[in-house]
Each structure stands twice: as structure tokens, then as C-alpha cells.
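We're numbering straight along the sequence, starting at 1.
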Amino acid sequence: MREIFLKRIYEPFDEMDGSRILIDRVWPRGMSKEAAKLTHWFKDISPSPELRKWFCHKPELFDEFRSKYIDELRTDEKKLQLIEQIMDASANNKVTLLYGAKDPVYNHARVLQEELNRKRQIGNGYVE
């Protein structure tokens, strides 16, 4: 299984991105669909609208946001299906998860990447 990368959607397209999956619920402002060059748009893997609005990208809320979003990722059936699709895509190909947030640290993409890496370790026989 290949590593899953993160990239802000506003960064230039690169052939080396592999499968480009937008993981935001809302289309990024000012980005054309042609320029995005997406493989998939997984709106439903993003945090619920209520959680996203509550968090509002405030670093002081990130730890609680992370916990709540991980809970959604582990219990929401649609999110679980999309996680499996990402895991399947990364089995043989590079995958780049695209997000629009300005902050590269305090955003849902980091939490999703962390959860995908956890699932990969479990799948490789590692314990949590």
C-alpha cells in the first residue's frame, strides 16, 4: 500500500499526484473543475456540516474537533465506505487528498490522513 499524501487544492496540478481526491464538502472558491483535475470528489468524507461550522478552523478547538471527527469517521457508514475506496485506490497507486483550508496543520485533512494511516497499520498486522 502506498503512502497517502495531502495537498492544498490551490497548489499546481502535478502528474505525480496520482489519484486526486477532493475531501471538502464545499467546492473550493475560485477553483475551476478543469484546473482541479480531480479523480474523485468525496464530499461525504468531510466532517458533518455541524462539526465543520462548530470548529471554524480555530486551533484552540482542534483537539476536540479531531476527536469528534474521528468518531464520525469510525461510525458513519458513508464515511467508512469512502475510506475503503481510498484504501483500495492506494493499494497500487499514489493518492493525494486535496483540501481547501488555508491552515496546513489544523484541518480535517490531517485527521483523515491520520485515520487512514491507522487503518493501514491495522491491516498490516500492527495493533493500535
Side-chain angles (χ1 to χ4, degrees):
M1 191 169 294
R2 298 192 180 226
E3 187 173 352
I4 297 170
F5 295 88
L6 297 180
K7 185 175 186 178
R8 194 159 185 253
I9 195 163
Y10 299 105
E11 295 177 39
F13 168 81
D14 188 328
E15 291 285 337
M16 298 301 294
D17 289 341
S19 293
R20 292 170 52 89
I21 303 172
L22 178 60
I23 57 168
D24 286 350
R25 184 170 305 276
V26 178
W27 187 262
R29 189 175 298 165
M31 174 62 61
S32 72
K33 294 193 180 195
E34 295 77 31
K37 298 185 188 246
L38 297 182
T39 308
H40 301 287
W41 182 11
F42 289 170
K43 299 176 193 179
D44 292 328
I45 203 162
S46 64
S48 64
E50 299 80 19
L51 181 57
R52 182 178 60 85
K53 289 174 187 173
W54 171 82
F55 173 48
C56 199
H57 296 281
K58 294 179 181 173
E60 65 272 16
L61 298 177
F62 186 73
D63 288 340
E64 188 175 352
F65 166 79
R66 180 185 165 279
S67 177
K68 290 178 178 185
Y69 182 42
I70 286 173
D71 184 56
E72 287 185 2
L73 291 171
R74 293 179 184 175
T75 60
D76 182 280
E77 192 57 40
K78 183 65 175 174
K79 287 175 178 37
L80 289 166
Q81 290 171 2
L82 294 171
I83 284 172
E84 287 307 313
Q85 288 182 42
I86 294 170
M87 299 295 285
D88 289 347
S90 72
N92 298 311
N93 299 304
K94 182 177 177 182
V95 170
T96 300
L97 302 178
L98 302 168
Y99 65 94
K102 290 179 184 176
D103 191 319
V105 176
Y106 300 107
N107 68 60
H108 78 284
R110 294 277 173 208
V111 179
L112 177 57
Q113 182 186 42
E114 175 187 319
E115 183 66 6
L116 291 164
N117 287 333
R118 183 192 73 84
K119 288 189 75 69
R120 180 187 348 210
Q121 289 180 342
I122 291 170
N124 288 334
Y126 299 107
V127 292
E128 293 186 61

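Residues Arg25 and Pro47 share a closest heavy-atom pair of NH2-O, 3.3 Å. Considering all non-hydrogen atoms of both residues, Ile9 and Met31 come closest at O-CE, 3.3 Å.
From His108, atom NE2 reaches atom OH of Tyr99 across 10.0 Å, with rounding to the nearest 0.5 Å. In this structure, Leu112 CG and Ile83 CD1 are separated by 6.0 Å, a value rounded to the nearest 0.5 Å. Between the NZ atom in Lys33 and the CG atom in Leu22 there is a gap of 9.5 Å [rounded to 0.5 Å]. Taking CG from Leu97 and CG from Leu116, the interatomic distance works out to 6.5 Å, rounded to the nearest 0.5 Å. From Asp14, atom CG reaches atom CZ of Phe5 across 11.0 Å, with rounding to the nearest 0.5 Å. Residue Arg118 holds its CZ atom at 8.0 Å from CD1 of Ile70, rounded to the nearest 0.5 Å.
Remark: the backbone N or O of Ala91 is not paired with any side-chain donor or acceptor of Asp88 at under 3.5 angstrom. Lys37 places no side-chain N or O within 3.5 Å of a backbone atom of Arg20 that could act as its donor or acceptor partner. Between the side chain of Thr39 and the main chain of Ser19, no donor-acceptor pair closer than 3.5 Å is present. In terms of modelled atom types and a separation under 3.5 Å, the side chain of Glu72 and the main chain of Ser48 share a donor-acceptor contact. Using modelled atom types, no side-chain atom of Asn107 and backbone atom of Ala101 make a donor-acceptor pair closer than 3.5 Å.
Residues Tyr106 and His57 are not in side-chain contact: their nearest non-hydrogen atoms beyond the backbone lie 4.5 Å or more apart. Taking 4.5 Å as the limit, every side-chain heavy atom of Arg8 sits out of range of all side-chain heavy atoms of Pro104.
Residues that satisfy the side-chain contact (heavy atoms from CB on, under 4.5 Å) test with Lys78, not counting sequence neighbours, are Asp44, Asp76, Gln81, Leu82.
Cluster membership for Tyr69 and Ile21, using ILVMFWY side-chain heavy atoms within less than 4.5 angstrom, is shared. Leu61 and Val105 fall within the same hydrophobic cluster, where Ile, Leu, Val, Met, Phe, Trp and Tyr residues are linked whenever their side-chain heavy atoms come under 4.5 Å apart, directly or through other members. By the rule that hydrophobic residues join a cluster once side-chain heavy atoms approach within less than 4.5 Å of another member, Leu80 and Ile86 end up as members of separate clusters. In the hydrophobic clustering of ILVMFWY residues, with side-chain heavy atoms under 4.5 Å counting as a link, Leu6 and Phe62 come out together.
Note on residues 23-49: pairs passing ring pair (Phe, Tyr, Trp, His ring centres under 6.0 Å), not counting sequence neighbours, are Trp27-Trp41, His40-Phe42. Under the salt bridge (charged side-chain N to carboxylate O under 4.0 Å, His left out) criterion, the residue pairs touching residues 47-68 are Glu64-Lys68, Arg66-Glu114, with sequence neighbours excluded.
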**Message:** With side-chain contact (heavy atoms from CB on, under 4.5 Å) as the criterion, how do Lys79 and Arg74 come out once you've worked through the C-alpha distance, each side chain's angles and the decisive distance to 0.1 Å?
**Reply:** CA-CA 8 Å; Lys79 287 175 178 37; Arg74 293 179 184 175; over 6 Å; no
**Asked** Can Asn117 and Arg120 be said to form a side chain to side chain donor-acceptor pair (under 3.5 Å), step by step?
**Response** CA-CA 5 Å; Asn117 287 333; Arg120 180 187 348 210; 2.6 Å; yes
**Derivation of the side-chain contact (heavy atoms from CB on, under 4.5 Å) call for Leu73 and Ile45** = CA-CA 8 Å; Leu73 291 171; Ile45 203 162; 4.1 Å; yes
